Participant: 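This structure is in structure tokens; I'll ask about it shortly.
Lettering of chains follows the sequences in order, A, B, ..., and the numbering in each one begins at 1. Every value quoted in this text rests on a predicted model; they were computed, and no experiment measured them.
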Amino acid sequence: MALLTATLRSAAPLIFAAMGGLLCERSGVTNIALEGFMLMGAFAGVAGTWFSNSPIVGLLVAITVGAAGGFVFAFWAITLRADQIVAGTAIVLLGLGLTSFLTEQIWGQAGSSPGVERLPTIGLGMNVLLPVAFLLVPITHWFLFKTKPGLRVQACGEKPEAAQAVGINVAKYRYAMVVISGVLAAVGGAYLSIGDLSQFTTNMTAGRGFIALAAVIFGNWMPWATMGAALLFGFAQALRFHVQALDLPIPQDLIIALPYILTLIAITGLLRQSTPPAGIGRHASEG
Amino acid sequence: MTDRVGNAAAPAVEMRGIVKRFPGVVANNGIDFAVRPGEIHALLGENGAGKTTLMNILFGLYHPDEGEIRVNGRPVRFDNARDAVRAGLAMVHQHFMLIPRFTVAENVILGAEGPGLALDREAARERVAELSAQYGLDVDPEAVVATLPVGMQQRVEILRALYQGGKTLILDEPTALLTPQEVDELYSVLNRLRESGDTIIFITHKLREVAAISDRVTVIRRGQTVGTRETAETTASQLAELMVGRAVSLRVDRPPAHPGEAVLVADDLHLTGSQGRAALNGVSFELRRGEILGICGVEGNGQAELIEVLSGLRRPQRGRVLLKDQDVTATGPNRRRRMGLSYIPEDRHGRGLVLPFTLTENVLLGNVEDPPFSLGGRIDYPGIRTLTQRLMRAFDVRAPAPETPAAALSGGNQQKLIIARELQREPDALLAVQPTRGLDVGAIEFVHKQLVAERDKGRGVLLISFDLDEVMDLSDRILVLWEGRIVGDFPGGRVTRTELGLLMGGRSLDEHAPAAD
């Protein structure tokens, strides 16, 4: 039971970021910036809470910062047609550098912020954002496969020039999806800093953005399967806290490394043939 | 005056005095073009004559510098493709603008999904099925586009054009990827559309198609209209003359072949393609001296892989390649060239030339190690320059000087330069892949003559082309490649388009009902 709730708690932030990443990639933009958005969200959540004494305000600040970050990334990757991997890496580095710098500037201490108030809990150590994460999965599924804009997002991701030929504004849909991915990843970050914990520490996301991306790939860009992958990664993380209690004959280091090993396996596509959106990373021709 | 909507006498589309200049070129230099409602009107012109520019102007992608466009008698000004669609125009693209992973219905409704946020798939499916039945298109709305044959995908494009309210359909080189049977089916679809009152503009550079389908034809040459004719009152050679500006011979003059011993042998070649399925599945044939061996087939049936294996760019998983009785299966391209294999690649810009290099440097490519190009490791540039000049004369490569970059040449002249370079090596076997792709009629005539001349010098010529007419006109023997296998082997001139077409489509000759050809 403890392992189950720990799995859900570890999976929830991954699901936030993964649903954002999924929508973004489905629209045809490679999104390795998730890690950066998460970290910015984690920081902004704590900073907003610290200044306002309200974790709800903190969450809103995180959403705003995520949207802004998404907008910057979209501007680079779509309007300026920068390489999406390079632009994404820049966001990750920016997130790491900026949050460390501002931590020192605001609180005068390197490494971590002081403790702040947390979001309300709903029992079993779970905070209010946890059910929201799981609710996002059917919403994403519905949006993508049952709505008009969802069909268009898929078209932009599969073959942007074909979408354009029927009069769809590819850039507009991609902008929207990138900004949504920024928001969702930032909420995932805030989940960590003001939901699970009550402070910000340097690089506290520790690669969760990349793991979320791996979950998208693992889940073959399908919402439910991506949630399954996120639960698997969440389980691998949760195992770490329970390995001593369970007294398994496995070295602790291996358990800690497990999520990352799974990520590696996922992104090398070893487990099965994955089919990414065909037009990912491709710009629609102009005109 | 502009209030006269749908004037019956007015042309469905009229373009008057269209001029479009780009930096350095005048793409359209006074084009007049009028299409009557309810007719199939062919727009005939060579590659580079200005057809594409004209259609881009009609679709609002470019604004003309001069001239006027009228649709149903009313002057229009389109700012984008959407405006054109709203006015009842619809484009069926040469490279289909379909999303392979979507179903037919999803593709058809995309961009015109109807009101509301939620997608009404059921209504879409019904509407698509209804339209499909109405025009006899026989398309399953639920089928995933990627699983459909090319001809069927084209019908999906037509279906979408109709769904979006197109009354005037523009088809851009619609037969380029089709088998002859699919072409016939396309013709009957177009005839049905005409019967129900739709207007069709059929862009092509193939004379055969003009005669087969159009009511009238407008010929454009070098950006200008040279005439509009009733198709029934004109002949292929008259049209060719209009299109090229001089008399051309449409038939290749080809004396009987005298095949000698085998020079290039493919023996049971197997190769797995990029998708993990067999690209070559036991291909065997012999190319003999003094013959042109043509390989026809629809693009993507193993042609690219076969050429890579024969030229030495890839090694087969099984089987052997013999060049002049020597096993060269494991021999690289350079060594094969020096043993007497020349290669005219399909892709002039990728494999054929280094575009920023001068003509002299391009002639040098692949020849650096041999005299007279180099001696003792030193390249003889003055000598190559002289050679280049000689080749330019002999092969009619029109360029200012040997120092001109290859990029500055027209496609036809680039191709002639490649052919000149490959033939001056006096090869024993010549691989010619799509040697006339994208060339104008004059250049095609020249290239074909060169290939026949090589044959008559006792060289083996392997011709791989997606243009069935080209294969039939030139080949002494014809092989049909389908899904990585040779499914037909005929003496040239003893097989019909229909028979080849059946095999190219993966069917057998037993299904062949006697048909007029």
Side-chain angles (χ1 to χ4, degrees), chain A residues 22-23 25-28 138-174 176-177 180 219-223 225 269-280 282-287, chain B residues 52-53 56-57 59-63 78-86 89-103 105-124 144-146 153 156-157 160-161 163-166 170 172 275-277:
Chain A
L22 188 148
L23 288 171
E25 298 230 326
R26 278 284 189 162
S27 79
I139 292 173
T140 306
H141 182 91
W142 175 79
F143 170 78
L144 213 45
F145 300 113
K146 307 285 178 195
T147 71
K148 255 171 61 175
L151 187 74
R152 293 179 171 200
V153 164
Q154 288 186 64
C156 294
E158 290 292 333
K159 199 168 172 184
E161 58 278 14
Q164 201 168 38
V166 292
I168 292 171
N169 185 339
V170 175
K172 189 179 90 182
Y173 281 90
R174 288 186 168 176
M177 292 307 113
I180 286 174
N220 208 13
W221 289 268
M222 302 297 277
L270 261 179
L271 286 187
R272 67 168 150 164
Q273 199 70 34
S274 62
T275 43
I280 200 160
R282 226 152 25 85
H283 294 285
S285 61
E286 256 163 354
Chain B
T52 307
T53 304
N56 284 340
I57 289 172
F59 262 76
L61 300 180
Y62 301 140
H63 284 297
F78 298 144
D79 287 318
N80 53 48
R82 268 210 142 142
D83 291 350
V85 169
R86 222 167 278 137
L89 305 181
M91 176 75 99
V92 174
H93 299 87
Q94 184 177 2
H95 299 286
F96 306 143
M97 287 295 177
L98 297 173
I99 292 169
R101 261 159 86 171
F102 280 13
T103 65
E106 284 170 342
N107 266 295
V108 170
I109 62 168
L110 184 66
E113 300 91 341
L117 175 67
L119 206 54
D120 191 347
R121 281 170 201 277
E122 189 50 32
V144 174
V145 163
Q153 293 191 16
V156 178
E157 280 247 332
R160 175 164 72 188
Y163 181 86
Q164 298 185 340
I170 297 148
D172 186 9
Q275 251 63 133
R277 56 177 204 130

Participant: Which bit of Ile168(A) is near chain B, if near means a heavy-atom gap under 4.5 Å: side chain, backbone, both or neither?
Facilitator: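 It is the side chain, since no backbone atom gets that close.
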Participant: Which answer fits Leu117(B), side chain, backbone, both or neither, if we ask what part of it has an atom under 4.5 Å from a heavy atom of chain A?
Facilitator: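 It is both, since atoms from each part get that close.
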Participant: Can you sort out the partners of Tyr62(B) under ring pair (Phe, Tyr, Trp, His ring centres under 6.0 Å), two or more places apart, ordered by chain and number?
Facilitator: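 Expected list: Phe22(B).
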Participant: How about Val166(A) and Gln164(B): do any of their side-chain heavy atoms sit closer than 4.5 Å?
Facilitator: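 A side-chain contact exists here, since the closest heavy-atom pair is under 4.5 Å.
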Participant: Atom CG of Asp120(B) and atom NZ of Lys146(A): how far apart are they, to the nearest 0.5 Å?
Facilitator: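 Nearest 0.5 Å value for the CG-NZ distance: 11.5 Å.
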Participant: Could you have a look at Ala162(A), Ala163(A), Ala165(A) and say which one has the most heavy-atom pairs with chain B under 4.5 angstrom?
Facilitator: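 Ranked by contacts with chain B, first place is Ala162(A).
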Participant: Which atom pair, heavy atoms only, marks the closest approach of Lys159(A) to Phe96(B)?
Facilitator: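 What the structure gives for the nearest pair is NZ-O, 2.8 Å.
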Participant: Could you tell me which residues satisfy side-chain hydrogen bond (donor to acceptor under 3.5 Å, both in side chains) with Glu106(B), sequence neighbours excluded, listed by chain and number?
Facilitator: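 Only Arg121(B) meet the side-chain hydrogen bond (donor to acceptor under 3.5 Å, both in side chains) criterion with Glu106(B).
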Participant: Rounded to the nearest 0.5 Å, how far does CH2 of Trp142(A) lie from CG of Leu119(B)?
Facilitator: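 It is 10.5 Å, given to the nearest 0.5 Å.
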Participant: Is there a side-chain contact between Arg152(A) and Glu113(B), using heavy atoms and a 4.5 Å cut-off?
Facilitator: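 Sidechains of Glu113(B) and Arg152(A): in contact.
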Participant: Do you know which of Leu98(B), Asn107(B), Asn56(B), Ile109(B) has the most heavy-atom pairs with chain A at a distance under 4.5 angstrom?
Facilitator: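 That would be Leu98(B).
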